[in-house]
Amino acid sequence: MKKVLIALTMLVAVAGTVFAAKAKRGGDADLTIYLNESDARVVCKDIVDQVIKSPRIERFEDKNGRPAVVTIGKIKDETGEFFDTQIIANSLKTAILKSGVLEFMANSDVRAAMRDEAADQADHANEDQAVEMDNEDAADYMLTGSVKLMVQNSGKKQERTYIVNIELNDLRTHRTVDMFEPSEEVKDYLKKMGKVKSK
């Protein structure tokens with residue numbers, strides 16, 4: 001009788017689990033059906049590859065004789081999953097810096113900390129070594145965007161497609177001058193299939 005109870009307990013535990021598998025994952029060994037850091041890196045590299053080829057970016061450098069400076073604004077989480085969009089922001093920043101084509105302006109909180117340090121140096125550091133105040137560069141463009149989720153259920157199967165959109169905004173005119181989304185290959189990569197067993 002004891003063995004029967006143990007067997008039934010194990011059966012109930014297995015029946016209540018969710019089995020998740022990725023479809024069209026390009027060889028990714030990670031089997032979660034949710035957007036993760038690895039996915040964010042793939043998406044952001046793909047998008048930044050598009051950004052640096054944008055005609056706006058090319059014309060800017062031709063006109064000004066220097067690379068455009070960009071910063072990252074708000075990336076909205078519209079998935080309903082409380083996805084940490086800072087992962088997207090950090091992945092965008094990494095891809096921008098590695099590109100060598102664009103310059104990246106530090107985020108606003110980092111700039112505030114650096115201003116505090118410069119003010120402290122003005123009061124306490126050797127005059128010949130203290131950095132000058134009010135001598136900052138300025139960003140030319142700001143990247144903003146959103147992450148959305150589309151869910152389709154078919155019986156016990158669920159397909160989850162993550163949709164990432166990034167906008168390039170001109171900080172002088174406040175115009176959105178270009179928009180980017182993952183390439184078809186990466187869109188396919190973001191389609192994740194899960195087989196869900198009800199509890």
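These figures come from a predicted structure and were not determined experimentally.
One distance of note links CD of Glu181 with CG of Asn165; it measures 6.0 Å at 0.5 Å rounding. Asp77 CG to Phe83 CZ: the interatomic distance, rounded to the nearest 0.5 Å, is 7.5 Å.
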Check against side chain to side chain donor-acceptor pair (under 3.5 Å), Asp39 and Tyr189: CA-CA 8 Å; Asp39 299 330; Tyr189 174 88; 3.2 Å; yes
Does the pair Val164 and Ile47 meet the rule for a side chain to side chain contact (heavy atoms under 4.5 Å, CB included), with working shown? CA-CA 9 Å; Val164 181; Ile47 287 177; 4.1 Å; yes
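Between Ile166 and Thr144, every side-chain heavy-atom pair lies at or beyond the 4.5 Å cut-off.
Nearest approach of Lys148 to Thr79, heavy atoms of both residues: C-CG2, 4.1 Å. Heavy-atom minimum distance, Ile163 versus Met150: CD1-CB, 4.3 Å. Across all non-hydrogen atoms, the minimal contact from Lys93 to Ile72 is N-CD1, 3.8 Å.
A search for salt bridge (charged side-chain N to carboxylate O under 4.0 Å, His left out) contacts involving Asp140 returns Arg66, Arg172, not counting sequence neighbours. With sequence neighbours excluded, no residue forms a side chain to side chain donor-acceptor pair (under 3.5 Å) with Ser91.
Residues Leu171 and Val177 are members of separate hydrophobic clusters, defined by side-chain heavy-atom contacts under 4.5 angstrom among Ile, Leu, Val, Met, Phe, Trp and Tyr.
Counting only residues at least two apart or on different chains, no side chain to side chain donor-acceptor pair (under 3.5 Å) pair has a member in residues 99-108.
Remark: aromatic rings of Tyr141 and Phe60 are close, center separation under 6.0 Å.
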